[in-house]
Amino acid sequence: MSALQPVRGTHDLIGEDQRRHRHVIDTARRIVWSYGFDEWTTPIFEDTRVFSRSLGETSDVVMKEMYTFTDRSGESITLRPEATAGICRALVSNGLTQSLPQKVFYAGPMFRYERPQKGRGRQFHQVDIEAIGSAEPISDAEVIACGWNVLRALGVDRLTVLEVNTLGDRPSRDAYRAALVAYFTAHRDTLSEDSLQRLERNPLRILDSKDERDRRVVADAPTIAPFLTPEAARFYDDLRRLLDRFGVPFRENPRIVRGLDYYGHTAFEFVTEALGAQGTVMGGGRYDGLVEEMGGPPTPAVGWAAGVERLAMLLDAPPPEPAPIAVVPVGEAAEPAAIAAVQALRQAGLRAEMAYRGNLRRRMERANRIGARAAVILGDAELATGVAQVKDFSTGEQTEVPIAELASRLA
RNA sequence: GCGGGCGUAGCUCAGGUGGUAGAGCGCCAGGUUGUGGUCCUGGAUGCCGUGGGUUCGAGUCCCAUCGCUCGCCCCA
């Protein structure tokens with residue numbers, strides 16, 4: 001009981017857990033491929049500045065959640081808390097700002113130092129797409145449609161709702177922020193302590209506070225709509241129109257706020273009631289300033305990230321594994337023939353294992369335990385005739401199959 | 001960083017008011033060394049999370065501590 005345990009907030013993925021996890025990633029990869037995205041893999045740790053600069057110095061991620069350490073050469077290194085910053089860094093590092101647009105798919109582990117909860121770990125996994133170099137609202141709509149199709153392919157779309165909002169462009173947001181600060185300052189004596197802090201750092205986040213006191217104040221708070229510039233308003237109109245055109249159902253939620261500073265215009269979340277406090281299963285938006293932060297030219301971009309663990313928990317059941325074939329040699333003389341047979345099955349693309357321990361009863365037991373759909377029995381009699389006994393485990397029936405035809409007959 | 005719940009076999013969990021630890025599932029062996037799944041018989045498994053206290057005696061009561069879990073904050 002006091003043996004070594006995984007580090008707090010990390011988990012082993014074994015058996016069904018692993019199958020669910022892999023199914024989420026495989027499905028996302030397949031759907032996203034059909035939209036023209038290419039997979040990238042970047043390092044799981046980066047120069048700390050990649051994140052501190054891009055996520056915003058006042059974001060919670062940077063202030064208290066990063067796994068940051070100094071390596072042996074004295075460099076400050078951070079385990080990535082999210083994928084987008086690293087992708088933008090890679091875009092710039094590889095000179096790909098010269099060949100836009102880039103449509104990137106990403107799958108891998110992320111790290112955040114937090115108290116673990118349902119659907120939240122210190123190491124967790126995301127799938128992620130980024131359409132970099134696309135400024136038109138049609139790319140936002142297409143990115144969202146792509147995410148929605150991933151959820152549909154996973155069969156979890158009926159458990160989730162898409163909520164969209166606009167954060168406007170820079171002038172819209174500055175004007176709105178000023179109005180919010182004025183409004184909340186006037187009501188500061190009724191705000192929660194947390195929200196008084198937010199008023200200093202990021203007043204937008206008061207909007208999605210769960211505190212009772214805050215919610216009453218928020219109910220009458222101004223919305224961004226009257227502060228949108230004509231350009232920002234039209235962008236949002238276009239987005240909603242195009243979502244309809246793509247056939248993606250959504251509802252507007254003016255309280256959606258992104259936690260990271262680099263977002264503007266489109267913000268969206270696919271949320272669910274099924275995961276307790278962690279309702280967001282996929283979230284994203286537009287981040288036109290980020291590539292520039294990384295030292296590249298001004299570059300528009302839009303994307304989303306989805307939590308693999310959270311999606312895996314929403315899955316009904318992991319997809320079934322194809323059942324293997326068990327090859328069962330009887331007696332030492334049968335070993336070479338059994339090895340040849342099992343290799344032939346594998347060459348034919350089948351999943352096949354040998355059961356070679358114990359008496360025949362043990363071997364058949366083993367064959368059953370690995371979930372085999374059939375057992376190929378090879379003993380002295382079979383070697384003499386060149387015909388194997390093949391037992392179908394679902395029916396219990398046993399038939400004779402020439403050894404040379406095993407692969408084709410069992411395919 | 002702050003709150004609630006829970007720690008007994010590999011897993012799921014029983015163990016009124018203190019008397020030296022149980023079930024089901026799983027595992028191992030045999031019934032059957034040329035036939036699995038079903039069935040029968042037998043077996044192993046535990047520093048009862050850890051440390052301390054009360055007591056003749058603690059899984060049970062008290063204190064502390066660690067871990068897990070759910071929630072707040074924030075997010076995928």
Side-chain angles (χ1 to χ4, degrees), chain A residues 1-9 11 15 24 28 55 58-65 81-84 106-128 147 160 192-195 197-198 201-202 205 208-212 214 256-260 269-272 275-284 303-314 326 328-331 334 355 357-382 389-398:
Chain A
M1 262 341 207
S2 61
L4 289 174
Q5 295 294 310
V7 171
R8 184 181 187 79
H11 297 282
V24 170
L55 304 185
T58 65
S59 70
D60 275 38
V61 170
V62 171
M63 288 196 304
K64 59 182 195 188
E65 293 176 359
E82 55 107 41
T84 309
Y106 202 97
M110 309 294 159
F111 306 85
R112 257 120 96 158
Y113 189 86
E114 304 185 272
R115 288 292 296 269
Q117 286 175 51
K118 186 181 184 66
R120 160 180 301 174
R122 288 183 176 179
Q123 175 175 338
F124 61 105
H125 299 78
Q126 288 184 335
V127 289
D128 197 289
T160 63
S192 69
E193 286 177 25
D194 282 337
S195 285
Q197 301 263 312
R198 294 183 182 109
R201 288 203 299 264
N202 190 343
R205 266 188 256 154
D208 69 351
S209 170
K210 289 172 186 168
D211 190 290
E212 248 328 294
D214 293 339
I256 290 187
V257 172
R258 304 274 72 198
L260 307 178
E269 294 182 356
F270 286 88
V271 297
T272 180
L275 292 180
Q278 276 63 243
T280 305
V281 104
M282 176 184 285
W304 50 250
V308 175
E309 284 82 358
R310 290 181 186 181
L311 289 172
M313 284 189 287
L314 291 182
V328 182
V330 183
R357 178 178 299 166
N359 60 36
L360 183 56
R361 176 184 146 90
R362 286 275 162 265
R363 295 175 189 211
M364 293 300 280
E365 202 173 282
R366 167 77 185 161
N368 186 61
R369 190 176 320 188
I370 65 174
R373 64 181 212 256
V376 173
I377 300 165
L378 291 170
D380 293 340
E382 288 75 21
Q389 295 289 327
V390 175
K391 177 152 188 168
D392 183 317
F393 277 135
S394 59
T395 63
E397 280 171 23
Q398 195 158 302

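This structure is a prediction, so every number in the text was calculated from the model and none was measured. Atoms considered below: every heavy atom in the structure, side chains included; atoms not considered: hydrogens, waters and symmetry mates. Reminder, nothing fancy here: chain letters follow the sequence lines and each chain counts from 1.
- Residue-level contact check: A/A367 touches neither bases nor backbone, having no heavy atom under 4.0 Å from any strand.
- Side-chain atoms of A/N368 and base atoms of B/G36 include a donor and an acceptor less than 3.5 Å apart.
- Closest contact between the side chain of A/Q117 and the listed nucleotides B/C72, B/G34, B/C74 involves B/C72.
- Residue A/R122 places no side-chain N or O under 4.0 Å from the OP1 or OP2 atom of B/C74.
- Counting atom types as modelled, A/E114 pairs no side-chain N or O with a base atom of B/G1 as donor and acceptor under 3.5 Å.
- Residue contacts for A/Q389: at a heavy-atom cut-off of 4.0 Å it reaches a base atom on one of the strands shown.
- Using a 4.0 Å heavy-atom cutoff across all strands shown, A/L311 reaches no nucleic acid atom at all.
- Within the nucleic acid shown, A/M282 comes within 4.0 Å of sugar-phosphate atoms alone, with no base atom in reach, counting heavy atoms only.
- Counting any heavy atom pair closer than 4.0 Å across all strands shown, A/E365 reaches sugar-phosphate atoms only and no base atom.
- Comparing B/G71, B/C74, B/G34 by their nearest atom to the side chain of A/D380 picks out B/G34.
- Using a 4.0 Å heavy-atom distance criterion, A/G331 is classed as making no nucleic acid contact.
- Taking atom C1' in both B/G67 and B/U8, one finds a spacing of 15 Å when rounded to whole Å.
- Of the C1' atoms belonging to B/G5 and B/U38, the separation is 41 Å, rounded to the nearest Å.
- Nucleotides B/G22 and B/G15 are separated by 7 Å at their C1' atoms, to the nearest Å.
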Return the polar atom pairs (N/O with N/O) between nucleotides 64-68 of chain B and the protein under 3.5 Å, or none.
residue : atom : partner : partner atom : Å
B/C68   : OP2  : A/R8    : NH1          : 2.1

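- Taking the nucleotide of RNA chain B with the nearest heavy atom to each of A/S394 and A/R369, the more 5' of the two is matched to A/R369.
- A donor N or O paired with an acceptor N or O is found under 3.5 Å between the base of B/U35 and the side-chain atoms of A/Q398.
- Among the protein residues, A/G284 comes within range of no part of the nucleic acid, since none of its heavy atoms lies under 4.0 Å from any strand.
- Looking at heavy-atom distances under 4.0 Å, A/K118 makes contact with sugar-phosphate atoms alone, never a base.
- For B/G31, the base has a donor-acceptor partner in the side chain of A/R361 [N/O atoms by modelled type, under 3.5 angstrom].
- Heavy atoms of A/G119 sit under 4.0 angstrom from at least one base atom.
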Under the rule of Watson-Crick or G-U wobble with both distances under 3.5 Å, where | means paired to another strand and [ ] a crossing pair, RNA chain B maps to (((((((..((((.....[..)))).(((((.......))))).....(((((..]....))))))))))))....

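- Of the two residues contacting RNA chain B, namely A/A381 and A/V281, the nearest-nucleotide position lying further toward the 5' end is that of A/A381.
- Comparing B/A76, B/U35, B/C73 by their closest approach to the side chain of A/R120 singles out B/C73.
- Residue A/F393 and nucleotide B/G37 are not classified as a stacked aromatic pair, given the requirement of ring centres less than 5.5 Å apart at an interplanar angle below 30°.
- Of all nucleotides listed (B/A76, B/U33, B/G71), B/A76 comes nearest to the side chain of A/T280.
- Minimum heavy-atom separation, A/Q126 to A/E82: OE1-CA, 4.3 Å.
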